[in-house]
Structure formats: C-alpha cells, structure tokens
Novice: 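Got a structure for you, written out below as structure tokens; questions coming shortly.
Sequence lines set the chain letters: A, B, ... in the order given, protein chains first and strands last, and positions in each chain run from 1. Being a predicted model, the structure only gives us computed values, none of them experimental.
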Amino acid sequence: MLDIKFIRENAELIKQAAANKRISCDVDQLIAVDAERRKVQQDLDALRTKSREGGERIGQLRNPKSKIHKDAVAAGKSAADIKAEAEQLQSELNDVKAQIKPLEEDDRRVVEQFESLMWTIPQPPASEVPVGKDDTENVEIRKVGTVPEFDFELKDHVELGEQLGIIDIERGVKLSGSRNYTLKGAGALLYQAVLRLAMDRMIDRGFTPMQVPVLVREEVMYGTGYFPTGRDQAYLCERDEMSLVGTAEVPLTAFHSGEILSEEELPIKMVAVSPCFRREAGAAGKDTRGLYRIHLFDKVEQVIICKNDEAESLKFHDEILANAEGLLQDLELPYRVVNVCSGDLGQGQVQKFDIETWMPSRNSYGETHSASRFYEFQARRLKLRYKDANRKTRFCHTLNNTVIAAPRILIPILELNQTPEGYVRVPKVLQPYMRGMEVITAEAK
RNA sequence: GGAGAGGUGGCUGAGCGGCUUAAAGCACCGGUUUGCUAAACCGGCGUACUGGUAUAAAGCCGGUACCGGGGGUUCGAAUCCCCCCCUCUCCGCCA
C-alpha cells in the first residue's frame with residue numbers, strides 16, 4: 001500500500017508503474033473516490049462539531065452548578081426559561097442528527113470503496129528494474145559455477161529417484177491428486193538435510209530461528225500483499241476464515257504487525273522453515289513432470305525488517321541474496337542471478353532478484369530463490385512501524401528471500417550428482433545431515 | 001464444545017451517561033538543581049484521517065474518529081442494550 005497523498009501527487013507515475021507491472025488498477029477512480037471521501041468527512045466533521053457543542057451546552061444548562069447555568073440565572077433567566085432553552089436546543093440537535101445519519105452511510109460506503117481500490121495500487125518498481133512483459137525478459141546479472149559436462153546419458157530426477165526407490169510420485173498422486181509426491185528413505189533424509197543445513201547457516205549469520213503458524217487470518221494475507229489479488233492461489237479454510245500460507249514470509253513479516261517498535265530493535269532478522277501451500281491455479285499443464293511445481297513443499301525463508309531508509313534496504317537486499325548464494329556455493333550447484341523485469345514483479349515488490357539453479361533435465365536454469373524488497377509497501381498494510389531517532393513514527397521496510405526450498409532444490413542436487421551407475425553422490429556439506437551417507441545407492445533405500 | 005471472569009494509551013490501572021480535555025503511577029523526552037551513577041522538582045508525552053498556515057525540512061493553529069470489533073438507545077456513550085471476536089480459569093475432547 002502507498003500513501004494516498006503520494007498517489008494524489010504522482011498519479012501518472014503510478015499508472016506507468018501499473019502498466020509496467022502489468023497490473024490493472026484504476027488510479028483515476030481512486031482519486032475521485034478520495035476526493036469524495038474527504039468531502040464527506042469534512043461535512044460530517046462539521047455536523048459532529050455542532051452536535052457535540054450543543055450537547056455539552058444542554059448538559060450544562062441542566063446542571064445548576066455549571067458556569068453556563070449560573071450565568072443564565074445571573075442574566076435574569078428563570079428556571080423555566082433555561083429549561084425551555086435546553087429543550088429548544090435538543091430539538092435542533094435532533095435535526096442535526098437526522099443530517100448526520102445519511103452522511104455516515106455515505107462515509108461508510110465511500111471509505112469501503114476507497115480501501116478496496118487502495119489494496120490494488122502497486123508499488124512502483126525501482127529505476128534499476130528492466131521494463132519487460134514476463135520472465136522471458138528478466139535480465140541475467142551473473143552466472144556462478146560451471147555447468148558440468150557428463151560423458152554418459154543423464155537421467156532426470158524422476159527416473160533416478162524412482163530407480164533408487166527414493167521418489168514415489170504415483171503414490172503421492174494416489175493420496176492427494178496431481179502435483180503431489182512422496183519421498184522415501186534417503187530421499188526423505190535428503191529433503192530434511194537441505195532444510196536443516198539452511199537453518200543452521202542462517203542461524204550462524206545472526207538470524208533468529210522462528211516457528212510460526214501457516215494457517216493465518218485474512219488480514220495477514222492482505223497485510224503481506226497476497227490478498228486480494230492472489231486469492232485464487234491460496235488454499236482457503238473458509239469455515240474458519242483462515243488461509244494456508246504459500247510461504248513463511250507471511251507470518252514472519254506480519255509477526256510485528258500493528259506494533260510500534262523502537263529503532264534499537266531494528267533490523268530484525270528472522271528465519272523459519274515452514275510448509276508452503278500453493279494451488280498453482282492457472283498453471284495447468286505447466287511443469288507437470290517431477291518435483292518442480294507441486295502443491296506442498298517446505299521452504300526455509302529469511303525476512304528482514306529494517307528502518308525506513310532506501311540505502312539500508314538495498315544493503316540488506318544484497319545481504320539476503322548473498323546468504324542464498326553462499327548456500328548454493330556450499331552445495332556446489334551452478335546458478336545464475338537475474339534482475340526480474342517489471343512484468344514479472346509482484347504488486348508490492350520494488351525489485352526482485354531470482355536465483356536460478358542449473359537443472360540438467362530442463363536443460364536450463366530453473367528458479368529456486370526469489371529475493372524481494374518492498375520498502376514500506378507491506379509495512380503500511382500491516383501497520384508495522386517504529387519510532388525513529390527524532391521520536392517520529394515511521395513505517396518499517398521489509399525484505400525477504402528464499403534460503404532453500406525442497407523438494408525443488410533436490411532436482412539439481414540429484415541430477416548433477418548422479419553417477420554412470422545411476423547412484424547419487426551426497427554433497428559434502430549434506431553428509432553430516434545424512435547420517436554420514438556419501439552415496440545414495442539402490443541398496444541404501 | 002460447556003460454565004464463569006475479563007478485554008481501557010508503550011505498560012500497570014481508575015472511571016460504569018454530561019466538571020473525562022481518559023485520573024493516577026511506571027516508562028520515555030526536555031529543563032532546573034545537586035561536582036559522577038542516582039534523586040528531587042517543573043514541563044512534555046498516543047494513533048489515524050482531515051482543514052488552515054508556513055517552510056529547504058521540521059513545524060504551528062484547528063476539526064473528527066478511536067477505551068477488543070460491529071450495530072443500537074440518547075441532545076450526549078469508555079460507561080446502557082444487542083451481536084461477534086479474543087484472552088484467562090475450570091470442565092469435556094485430543095497429538
């Protein structure tokens with residue numbers, strides 16, 4: 001969410017941002033509704049002032065100890081006169097009240113309209129964001145690691161996993177429908193291993209480990225920017241008016257919502273592993289094979305809440321990106337970083353860097369990480385604030401990035417570490433988390 | 001799920017129709033004084049929307065709303081009525 005004052009003064013900028021982000025919103029209507037809203041509020045305020053002042057006078061006229069009452073008596077008014085004046089005033093205020101009533105209804109209607117329009121206004125992208133229509137126009141920033149060459153026929157992770165008895169997609173589908181899977185033996189171990197490694201690394205870097213709910217209230221989904229626009233991507237538990245989150249970013253970022261923090265508490269760095277639920281609506285037929293795009297996965301997510309300072313946000317954006325890159329380097333996986341173009345940005349994101357890891361079966365880099373900065377966008381929605389050094393209340397800035405997401409990261413790990421025999425070497429850093437296992441063989445299942 | 005008790009500013013807590021402009025205390029900020037830490041005294045101290053004015057910024061002067069949320073009664077509601085939510089205690093169920 002943006003400041004309405006900013007929107008009023010920069011309508012063209014917002015329209016351009018929406019066009020670049022390929023988000024539809026009606027800025028002109030918002031500005032019209034805003035003008036109406038302010039007009040109604042002014043009228044209502046004036047009437048309420050009249051009502052309050054009159055009401056107070058009645059109270060005092062009826063109170064013999066009040067100054068107004070004494071003054072009236074001193075001016076020679078009889079008790080009957082005073083009583084009549086109060087009654088006269090009371091009937092006048094009944095008229096005022098009759099005017100207030102319908103205006104209050106207008107106010108409610110207009111405010112509701114105003115808010116629902118406000119929810120749809122996008123955060124303008126940073127100037128460094130390339131303008132483009134979709135992910136094909138993302139701009140590569142750097143490649144790290146080398147894509148290895150193999151002198152034997154490669155298997156993809158599905159074939160490998162099924163032959164080793166560590167991936168069983170068919171039974172996952174039997175239990176839960178398409179885009180579901182099961183892992184077994186060393187597969188399940190490997191899944192846990194990457195998550196545990198990621199948590200340990202982040203704790204080493206000073207992030208506070210958290211355990212958070214994944215079933216959250218509507219306002220939390222609105223606050224983080226996933227609603228109302230992304231509603232069809234979420235699993236809803238309508239009976240309880242709750243939603244399953246698609247990422248721990250949601251509960252972590254909203255953790256301090258509605259609070260006014262002190263500046264000394266910032267930055268707040270949090271990390272959590274959580275299940276992530278995604279309906280993948282509109283992705284029918286896309287990435288159907290294997291573990292790439294599924295409905296439920298686990299992800300270690302890093303979130304930073306910092307001061308309202310763009311330079312500081314930028315610095316932390318680099319930091320969270322470096323955290324993820326460091327982990328991929330430890331896992332010896334080749335990847336590239338892309339500057340995500342405007343059309344591929346979310347509503348609230350100022351800028352986003354995706355990390356794409358090499359996946360032989362796709363013969364391309366596939367997205368495994370997504371590092372975003374939001375400036376105030378989420379904080380405004382969440383009423384997440386702090387008192388700065390001048391004791392002024394300001395909105396925080398928020399950022400987040402994947403640390404690791406499983407099972408997607410298992411795709412490059414399995415495919416890049418396969419041997420001619422169809423075994424999989426376990427990367428060194430994961431071995432301690434795999435009960436010392438160095439190679440996954442069929443026998444190891 | 002059932003019964004009871006509660007939800008008031010950053011915190012504690014009073015108020016239960018109009019001298020409430022939400023008391024008081026703590027915390028916090030500014031000042032005075034005492035050679036330091038501390039104490040005492042004086043002053044300040046919420047959030048949101050909004051009008052005016054001014055500026056390089058800050059600000060200054062007003063208005064309205066907000067005492068868990070939403071309705072209602074009333075000239076007037078933190079206070080009375082209705083609905084909902086949440087917390088606590090006990091019971092039930094349960095990993």
Novice: A:Q90 has an atom CD; how far is it from atom P of B:rU74, in whole Å?
Specialist: 11 Å
Novice: Using atom P of each nucleotide, how far apart are B:rA5 and B:rC83 to the nearest Å?
Specialist: 15 Å
Novice: Provide, to the nearest angstrom, the distance between the CD1 atom belonging to A:I58 and the P atom belonging to B:rC19.
Specialist: 14 Å
Novice: If I pick the C1' atom on B:rA57 and the same atom on B:rG17, what distance separates them, to the nearest angstrom?
Specialist: 46 Å
Novice: Any chance the side chains of A:E56 and A:Q60 put a donor and an acceptor closer than 3.5 Å?
Specialist: no
Novice: For the P atoms, the ones on B:rC49 and on B:rA95, what distance do you get once it is rounded to whole angstrom?
Specialist: 49 Å
Novice: Taking atom types as modelled, find out whether A:H295 and A:R179 have a side-chain donor-acceptor pair closer than 3.5 angstrom.
Specialist: no
Novice: For the C1' atoms, the ones on B:rG13 and on B:rC67, what distance do you get once it is rounded to whole angstrom?
Specialist: 13 Å
Novice: Among A:Q29, A:Q113, A:R8, which residue satisfies the side-chain hydrogen bond (donor to acceptor under 3.5 Å, both in side chains) criterion with A:D34?
Specialist: A:R8
Novice: How long is the gap from CD1 on A:I404 to CD on A:E301, to the nearest 0.5 Å?
Specialist: 12.5 Å
Novice: B:rU73 and B:rG63: how far apart are their C1' atoms, nearest whole angstrom?
Specialist: 26 Å
Novice: What is the pairing partner of B:rA77, taking Watson-Crick or G-U wobble pairs with both distances under 3.5 Å in any strand?
Specialist: none
Novice: Looking at B:rU47, I'd like to know if its phosphate oxygens (OP1 or OP2) sit under 4.0 Å from a side-chain N or O belonging to A:T393.
Specialist: yes
Novice: Checking base pairs now: Watson-Crick or wobble, both atom distances under 3.5 Å. What partners B:rG62?
Specialist: B:rU50
Novice: Could you label the plane-to-plane angle of the A:F227 and A:Y222 rings as parallel, tilted or perpendicular, counting under 30° as parallel and over 60° as perpendicular?
Specialist: perpendicular
Novice: Do the side chain of A:K21 and the main chain of A:G346 share a donor and acceptor less than 3.5 angstrom apart?
Specialist: yes
Novice: Atom CG of A:D232 and atom OG1 of A:T229: how far apart are they, to the nearest 0.5 Å?
Specialist: 9.5 Å
Novice: So what's B:rC67 paired with, Watson-Crick or G-U wobble, going by both distances under 3.5 Å?
Specialist: none
Novice: Contact class for A:R8 vs. all strands (heavy atom < 4.0 Å): base, sugar-phosphate, or nothing?
Specialist: sugar-phosphate
Novice: Any chance the side chains of A:S91 and A:N94 put a donor and an acceptor closer than 3.5 Å?
Specialist: no
Novice: Which of parallel (below 30°), tilted (30 to 60°) and perpendicular (above 60°) describes A:Y191 and A:Y181?
Specialist: tilted
Novice: If I pick the P atom on B:rG69 and the same atom on B:rC86, what distance separates them, to the nearest angstrom?
Specialist: 15 Å
Novice: Hunt down the Watson-Crick or G-U wobble partner of B:rA3, both distances under 3.5 Å, from any strand shown, or write none.
Specialist: B:rU89
Novice: In B/S/- notation, 5' to 3', how is nucleotides 59-65 of chain B contacted by protein heavy atoms closer than 4.0 Å?
Specialist: ----BSS
Novice: Using a cutoff of under 3.5 Å, can you pull out all pairs of nitrogen or oxygen atoms linking the protein to nucleotides 66-73 of chain B, with atom names and distances?
Specialist:
residue : atom : partner : partner atom : Å
B:rG71  : OP1  : A:R108  : NH1          : 3.2

Novice: Please state how far atom CG in A:D95 lies from atom P in B:rC75, giving the value in whole angstrom units.
Specialist: 12 Å
Novice: Look at A:K5 and B:rU50 and indicate whether a side-chain polar atom (N or O) is within less than 4.0 Å of OP1 or OP2.
Specialist: yes
Novice: Could you tell me how far apart A:Q42 (CD) and B:rA48 (P) are, to the nearest whole angstrom?
Specialist: 19 Å
Novice: Is A:R62 near enough to B:rG17 that one of its side-chain N or O atoms lies under 4.0 angstrom from OP1 or OP2?
Specialist: no
Novice: So, does A:R38 get its side chain near the phosphate of B:rG51, meaning an N or O under 4.0 Å from OP1 or OP2?
Specialist: yes
Novice: Both A:F395 and A:G55 contact RNA chain B. Taking the nearest nucleotide for each, which residue is further toward the 5' end?
Specialist: A:G55
Novice: When rounded to the nearest Å, what value does the distance between P atoms of B:rG44 and B:rC60 take?
Specialist: 14 Å
Novice: Would A:Y226 and A:Q347 count as having a side-chain donor-acceptor pair, cut-off 3.5 Å?
Specialist: no
Novice: If we take the P atom in both B:rG43 and B:rA24, what is their distance in whole Å?
Specialist: 11 Å
Novice: Between A:S262 and A:E265, do the side chains contain an N or O donor and an N or O acceptor separated by less than 3.5 Å?
Specialist: yes
